[in-house]
Asks: 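Sharing a structure, written as structure tokens. Questions coming.
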2 protein chains.
Amino acid sequence: MARDGKLTRDKILLESKALIFEHGFSGTSIDQILEKTGITKGAFFYHFKTKNALAMALIEEFAKADMDKLDKALENTESFKGNALNRLLHFIQEFIDAEKGQNEPPGCLYASYLYEPQQFEPEVLDHIAETMLMWRNVIGKLIREVLKDHKTKYPTDVDSLADHVTVVFEGAFIVSRALNDPDITAKHLHHLKNYLELLFEQSES
Amino acid sequence: MARDGKLTRDKILLESKALIFEHGFSGTSIDQILEKTGITKGAFFYHFKTKNALAMALIEEFAKADMDKLDKALENTESFKGNALNRLLHFIQEFIDAEKGQNEPPGCLYASYLYEPQQFEPEVLDHIAETMLMWRNVIGKLIREVLKDHKTKYPTDVDSLADHVTVVFEGAFIVSRALNDPDITAKHLHHLKNYLELLFEQSES
DNA sequence: ATATTTGTACCGACTAGTCTGTTTAGGCTA
DNA sequence: TAGCCTAAACAGACTAGTCGGTACAAATAT
């Protein structure tokens, strides 16, 4: 083993992600990344064959962190397993709480990429779609558990309701950016929680 | 008078908007715009002093169209003025209907710009914020009308609830892009409508 | 009526600089 | 000694923006 290359690689990933959130992928040059990280061009291309390979690595890392949050929220609400509606509501509450302890400016790499999709190889965009569908499936299961002993007050498509979580996240990030107010995301997740609570009728037990 | 320059200008605006939705602003070169429109560099810079001047013109045009939709939805629901809740719900329904008759790929220039904010002059971003606040105010008024004879089932911040409309729009566009499904936007607006309907208790009259 | 002027709209070659990516020649460390 | 990295030069395509010149319709002058 020589020096630990993972440190350099991680630094590139960290700083380039921050740059991309402010300049977009296309608007972020490799020279900018070199300046921010203090490494050289040789080192950059040692770790990433092309700029697009960096894009792929970034989305993989981001998606992994994203799934970790999902898994953690699932774990943290395991104790509510007996009461599916309660679990679903606490599951959303987990994200509200996580958002409150957040002070970095909000944003999602999926959205960033999706507004310049032609810059990326198809597999990069596929990876985003796949991750969103995993959220749909996981949350869909939670919802289906609720439906076992609750009716909805309106006819409801489970997939679409599950996707609504992602929708509120993504939309809140954008409005948050536009109005430069980091508290916005938590507020809108709360509206989502309200909606879920109102939508499911209490079963007469 | 020579030839009508407005035609050329409008063509530039139209085609560059489409390109920016696919490549991002930074990822769209002026040469690409020239190729798509069939005009020349001289003509482009005759109409727009810089690339950033195009960005500003585009956001102005987009915001204007955006406000027109808002005004139209207000007008079309004037007949419900006596019943504020009904008006609010039909107001949302207007956007659901408008979305259904849409076949071009969804997207919002605000979101596009906000994910590469460093590419633009501050006034461009200010214009986006101002337009979002106008939506907040207009919808806020509709909500306050409802509150005159309805309570909400949860404590509710009017501004935040008004912003929620924008949130659902923006989020739905992103998920729609990710999953390549244009029907998604209407579905999520429907969830929003459900939420509003459930949130406001019927007054005993 | 015809000639001249004026201003808008447009053309396209050109410049100065930036972009990603390559290459070369080497050094440092576990 | 193999993996990690520096430093600098370089290629070639592409970038935004410039500039001198042109086309043409309408206003004005003769």
Side-chain angles (χ1 to χ4, degrees), chain A residues 1-20 22-59 61 112-113 116-124, chain B residues 1-20 22-59 61 112-113 116-124:
Chain A
M1 278 287 172
R3 274 162 287 175
D4 188 1
K6 197 176 178 304
L7 291 174
T8 304
R9 197 187 130 98
D10 284 350
K11 199 171 184 184
I12 295 172
L13 289 172
L14 183 75
E15 300 294 351
S16 62
K17 192 181 84 173
L19 281 168
I20 289 168
E22 290 298 308
H23 302 266
F25 179 73
S26 179
T28 301
S29 72
I30 291 168
D31 282 348
Q32 273 176 288
I33 297 169
L34 304 185
E35 203 183 352
K36 258 237 174 164
T37 53
I39 62 156
T40 60
K41 209 160 226 193
F44 179 90
F45 282 103
Y46 175 78
H47 286 286
F48 302 100
K49 207 170 175 286
T50 63
K51 196 190 176 193
N52 231 282
L54 169 67
M56 187 61 182
L58 274 172
I59 211 75
E61 195 202 43
S112 176
Y113 282 22
E116 44 180 338
Q118 293 297 322
Q119 304 295 330
F120 306 100
E121 320 268 325
E123 58 207 2
V124 173
Chain B
M1 278 295 167
R3 281 156 283 176
D4 187 3
K6 197 176 178 305
L7 291 173
T8 305
R9 197 186 130 97
D10 285 349
K11 200 171 182 185
I12 294 172
L13 288 172
L14 183 75
E15 299 294 352
S16 60
K17 192 181 84 172
L19 282 167
I20 289 169
E22 290 297 308
H23 301 266
F25 178 74
S26 179
T28 301
S29 73
I30 290 166
D31 282 347
Q32 273 177 287
I33 297 169
L34 303 185
E35 202 182 351
K36 256 236 174 165
T37 53
I39 64 158
T40 60
K41 208 152 230 192
F44 179 90
F45 282 103
Y46 174 80
H47 287 285
F48 303 99
K49 206 168 174 287
T50 63
K51 196 190 175 192
N52 233 280
L54 169 67
M56 187 64 182
L58 275 172
I59 211 75
E61 196 201 43
S112 176
Y113 281 22
E116 43 179 337
Q118 293 296 322
Q119 304 295 330
F120 306 100
E121 321 267 327
E123 59 208 359
V124 172

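First the proteins, then the strands, lettered A, B, ... as listed; each starts at 1. All figures in this text were calculated on a predicted structure; none of them were measured in a lab.
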Asks: Report the distance from atom NZ of B:Lys11 to atom C1' of C:dC10, rounded to the nearest whole Å.
Replies: 14 Å

Asks: D:dT15 phosphate, OP1 or OP2: any side-chain N/O from B:Ser29 under 4.0 angstrom?
Replies: yes

Asks: Shortest non-hydrogen contact from A:Leu58 to A:Leu13?
Replies: CD2-O, 3.3 Å

Asks: Of the non-hydrogen atoms in A:Thr37 and A:Lys11, which two are nearest, and what is the gap between them?
Replies: O-NZ, 3.2 Å

Asks: Under 4.0 Å from OP1 or OP2 of C:dT8: is there any side-chain N or O of B:His47 that close?
Replies: no

Asks: Can you figure out which of C:dG12, D:dA16, C:dG21 approaches the side chain of A:Lys51 most closely?
Replies: C:dG21

Asks: Check the phosphate of C:dT20 against A:Thr50, side-chain N and O only, distance under 4.0 Å to OP1 or OP2. Yes or no?
Replies: no

Asks: So, does the side chain of B:Lys41 form a donor-acceptor pair with the base of D:dA16 at under 3.5 Å?
Replies: yes

Asks: Check the distance between D:dG17's P and B:Lys49's NZ and give it to me in whole angstrom.
Replies: 10 Å

Asks: What pairs with A:Phe120 under ring-ring contact (aromatic ring centres under 6.0 Å, His included), at least two apart in sequence or on another chain?
Replies: A:Phe25, A:Tyr113

Asks: By the 4.0 Å heavy-atom rule, please label B:Ser26 as base, sugar-phosphate, or nothing.
Replies: nothing

Asks: If the cut-off is 4.0 Å, is B:Thr8 near the phosphate of C:dC10, judged by side-chain N/O to OP1 or OP2?
Replies: yes

Asks: Does A:Tyr46 have a side-chain nitrogen or oxygen under 4.0 Å from the phosphate oxygens OP1 or OP2 of D:dC5?
Replies: no

Asks: Whole angstrom is fine here: how far is it from CZ in A:Phe44 over to C1' in D:dA7?
Replies: 17 Å

Asks: Given D:dA7, C:dC19, D:dA16, which nucleotide is nearest the side-chain atoms of A:Asp31?
Replies: C:dC19

Asks: Search all heavy atoms of B:Lys51 against all heavy atoms of B:Ser26 and return the closest pair with its distance.
Replies: NZ-O, 3.8 Å

Asks: From CG of B:Leu34 over to C1' of D:dA16, roughly how many Å is that when rounded to an integer?
Replies: 11 Å

Asks: Whole-Å distance between D:dC14 C1' and B:Glu35 CD?
Replies: 13 Å

Asks: Measure CD1/B:Ile30 against P/D:dG17 and give the value in whole Å, please.
Replies: 5 Å

Asks: Rounded to whole angstrom units, what separation is found between the CG atom of B:Asp10 and the P atom of C:dA9?
Replies: 12 Å

Asks: Determine yes or no for a side-chain-to-main-chain donor-acceptor pair under 3.5 angstrom, with A:Gln119 supplying the side chain and B:His23 the backbone.
Replies: yes

Asks: Can you tell me how far P of D:dC14 sits from CD of B:Gln32, to the nearest Å?
Replies: 11 Å

